[in-house]
Amino acid sequence: MKTVKDDNKITVYPNPSVDYVAWYYTFPKGENASHLAIFDMLGNKVYSVGLKGEMGQYIWDVRMVTYGIYLYQLTTNAGVKYFGKVSVKK
């Protein structure tokens with residue numbers, strides 16, 4: 001399993017956010033499935049979703065979550081992991 005820090009294949013916008021956060025992703029050829037998990041600062045998983053395709057976007061509606069910092073982990077079908085954080089403001 002390879003683990004990498006965000007290397008511009010993942011763009012998260014807007015950050016900080018008040019209503020939504022969008023992940024734009026492009027993976028190498030053949031890595032066409034992935035999983036996005038979002039955690040609060042205590043390590044509790046607050047959201048999880050499967051993603052499909054080598055390229056795309058996912059929008060997370062944050063209007064119903066508590067403001068603060070959230071950590072994300074995006075894992076491809078090849079085992080490559082991308083990590084980051086997003087800030088939710090009210």
Side-chain angles (χ1 to χ4, degrees):
M1 172 175 46
K2 296 187 290 185
T3 301
V4 297
K5 179 78 171 147
D6 188 356
D7 64 357
N8 297 325
K9 292 180 183 181
I10 308 296
T11 302
V12 181
Y13 181 83
N15 193 8
S17 176
V18 294
D19 51 4
Y20 72 93
V21 177
W23 280 262
Y24 300 92
Y25 57 92
T26 303
F27 300 129
K29 187 172 177 104
E31 294 184 30
N32 55 11
S34 57
H35 183 262
L36 173 65
I38 302 168
F39 304 88
D40 64 19
M41 292 302 290
L42 298 175
N44 300 310
K45 188 183 294 185
V46 297
Y47 196 77
S48 179
V49 65
L51 305 175
K52 294 184 180 180
E54 294 172 359
M55 185 169 106
Q57 79 172 19
Y58 182 76
I59 297 175
W60 180 40
D61 184 348
V62 298
R63 292 176 291 181
M64 301 307 254
V65 300
T66 305
Y67 68 90
I69 304 292
Y70 291 84
L71 306 175
Y72 71 85
Q73 175 181 310
L74 201 155
T75 307
T76 71
N77 63 333
V80 178
K81 294 184 179 186
Y82 300 87
F83 301 95
K85 64 182 176 179
V86 294
S87 175
V88 174
K89 294 178 140 187
K90 295 295 177 186

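All values below were derived from every heavy atom in this structure, side-chain atoms included, with hydrogens, water molecules and symmetry-related copies excluded.
M64 shares a hydrophobic cluster with no other residue; no ILVMFWY side chain has heavy atoms under 4.5 Å from its own.
Taken from OG1 in T75 to NZ in K81, the straight-line distance is 5.0 Å, to the nearest 0.5 Å. Taking CD1 of I38 as the start and OG of S48 as the end, the distance is 8.5 Å to the nearest 0.5 Å. Atoms CG and CG, from L42 and L71 in turn, are 10.0 Å apart once rounded to the nearest 0.5 Å. Taken from OG1 in T66 to CE in M41, the straight-line distance is 14.0 Å, to the nearest 0.5 Å.
By the neighbour-count criterion of 12 heavy atoms within 6.0 Å, atom NZ of K90 is densely surrounded, having more than that number from other residues, nucleotides or ligands. Around atom OH of Y24, more than 12 heavy atoms belonging to other residues, nucleotides or ligands sit under 6.0 Å away.
The shortest non-hydrogen separation linking Y58 to Y25 is N-CE2, 4.5 Å. R63 approaches V18 most closely through the heavy-atom pair CG-O, 4.1 Å. A pairwise comparison of heavy atoms in S34 and T76 identifies CB-CA, 3.9 Å as the closest pair.
Hydrophobic clustering (side-chain heavy atoms under 4.5 Å, transitive across Ile, Leu, Val, Met, Phe, Trp, Tyr) groups V86 together with V49. Residues V46 and V88 share a single hydrophobic cluster, defined by chaining ILVMFWY side chains whose heavy atoms lie under 4.5 Å apart.
Between the N15 side chain and the S87 main chain, a donor and an acceptor come within less than 3.5 Å of each other. The main-chain N or O of T26 is never found under 3.5 Å from a side-chain atom of E54 such that the two would form a donor-acceptor pair.
The one candidate from Y13, Y70, Y20 that meets the ring-ring contact (aromatic ring centres under 6.0 Å, His included) condition with W60 is Y70.
Within the 4.5 Å cutoff, the side chain of V21 has heavy atoms near those of the V12 side chain. Here the side chains of F27 and N32 are not in contact, with every heavy-atom distance at 4.5 Å or above. Residues K45 and F39 form a side-chain contact, since some pair of their non-hydrogen atoms from C-beta on lies under 4.5 Å apart.
By the 30° and 60° cut-offs, the orientation of the rings of Y72 relative to W23 is perpendicular.
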